[in-house]
Number of protein chains: 2
Amino acid sequence: MSDKLYKIEQVSNLTGLTKRAIRYYEDLNLIRPRRAESAYRLYTEEDVEKIKRIVSLKKSLAFSLAEIKQALELDQEVENILSEETASLATINSYMEMIRRQIKLIEEKVSQLLVTRKKFEDLLMRLSSLEEKVRKEETR
Amino acid sequence: MSDKLYKIEQVSNLTGLTKRAIRYYEDLNLIRPRRAESAYRLYTEEDVEKIKRIVSLKKSLAFSLAEIKQALELDQEVENILSEETASLATINSYMEMIRRQIKLIEEKVSQLLVTRKKFEDLLMRLSSLEEKVRKEETR
DNA sequence: CGCTCGATTAACATTAACGTCAAGGTTAAC
DNA sequence: GTTAACCTTGACGTTAATGTTAATCGAGCG
């Protein structure tokens, strides 16, 4: 089961990447889809899962200087409001909303990173078991 | 006190950025150093702190596709080792070390992000107090 | 005063990560 | 069997974030 093969546009829909980006990732050897006789790229479920993992890792990246600037400006504006104490309720609430959005963004990145960390920790534990086993066999 | 002014090379040493990058950030209006009569840029302690904050935010980013590829490859190699069970102790230990390094990297990024989140949460609480105060004054 | 070191702007170069054609094959529906 | 919708491989364009080089100016030292 699950030997379904996808063409690139479907993969694009499934992953949110553009077709161009998907081909680019192949240039970088991040993925290696097989080919039909027609030379069409054919992606397995596994390929798609791998691309989704890449997307998730990339999302925990995405902090351009422009975004950093926005965050710092938001910070500064709020500091001004706090020191002047002359803002309207509407203004205050709108800034609170903006900050909440920033916090949410950060939390998404953090949780992406934690998923990745967990994967590595699992690998570490499994390697540790293997090491113990090998060690025992050697001293046999 | 602390009205010391730095020239660009000193700032470069203090922050780890190149002079070019520092000037570029000025182009983006991320920083606004004052100028000497000679047109030399002069940076206050505050300027330097701000730049350090930018660097820290940038570091919690830094996950290029090349790095993602490395991580995925490491993952794959380890999976192979685990399934084959033929690796030497030395191999196993070296992979464990590589994984530990990846985990450390991730944890650094996470803690950077958490610092930033905490700053925003502080702002949120302070805004919340201000809101309450304003609300009371309005219904007075 | 001249020399050297460091600062300035300007401008062109580069790398990553795609976007955007163009020219041509493929597939599926009618 | 032709047309529309999708695929392919170039190849050149673009944006962010710098690197690099050139030409010029200022500062401090002997």
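Quick note on labels: first sequence line is chain A, next is B, and so on, each numbered from 1.
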Practice problem: Output yes when at least one side-chain N/O atom of B/Lys7 is less than 4.0 Å from OP1 or OP2 of C/dG6, else no. | Solution: no
Exercise. Look at the side-chain N and O atoms of A/Lys58 and state whether any lies under 4.0 Å from the OP1 or OP2 oxygen of C/dC18.
Key: yes
Practice problem: Report the residue (B/Ser38 or A/Ala39) whose heavy-atom-nearest nucleotide on DNA chain D is the more 5′ of the two. | Solution: A/Ala39
Determine all donor-acceptor pairs shorter than 3.5 Å in which one atom belongs to a side chain in residues 8-16 of chain B; sequence neighbours excluded.
| unit_1 | atom_1 | unit_2 | atom_2 | d |
| --- | --- | --- | --- | --- |
| B/Gln10 | OE1 | B/Lys7 | N | 2.9 |
| B/Ser12 | OG | B/Leu17 | O | 2.7 |
| B/Asn13 | ND2 | B/Glu9 | O | 3.4 |
| B/Thr15 | OG1 | B/Val11 | O | 2.8 |
| B/Thr15 | OG1 | B/Leu17 | N | 3.3 |

Quiz item: Just checking, any donor-acceptor pair under 3.5 angstrom between side chains of B/Ser88 and B/Thr91?
Solution: yes
Quiz item: So what does A/Arg23 touch, heavy atoms closer than 4.0 Å: a base, only the sugar-phosphate, or nothing?
Solution: base
Rounding to a whole Å, what distance do you find between [X]:[atom1] and [N]:[atom2]?
X: B/Arg20; N: C/dA10; atom1: CZ; atom2: P; answer: 12 Å
X: B/Glu9; N: D/dA27; atom1: CD; atom2: P; answer: 17 Å
X: B/Ile8; N: D/dG26; atom1: CD1; atom2: C1'; answer: 15 Å
X: B/Asp27; N: C/dA11; atom1: CG; atom2: C1'; answer: 13 Å

Quiz item: Is there a donor N/O on one and an acceptor N/O on the other, under 3.5 Å, for the side chain of A/Tyr40 and the base of C/dG25?
Solution: yes
Only pairs under 3.5 Å count here: list side-chain donor-acceptor contacts from residues 121-128 of chain A, not counting sequence neighbours, and write none if there are none.
| unit_1 | atom_1 | unit_2 | atom_2 | d |
| --- | --- | --- | --- | --- |
| A/Asp122 | OD1 | A/Lys118 | NZ | 3.4 |
| A/Arg126 | NH1 | B/Glu79 | OE2 | 3.4 |
| A/Arg126 | NH2 | B/Glu79 | OE1 | 3.2 |

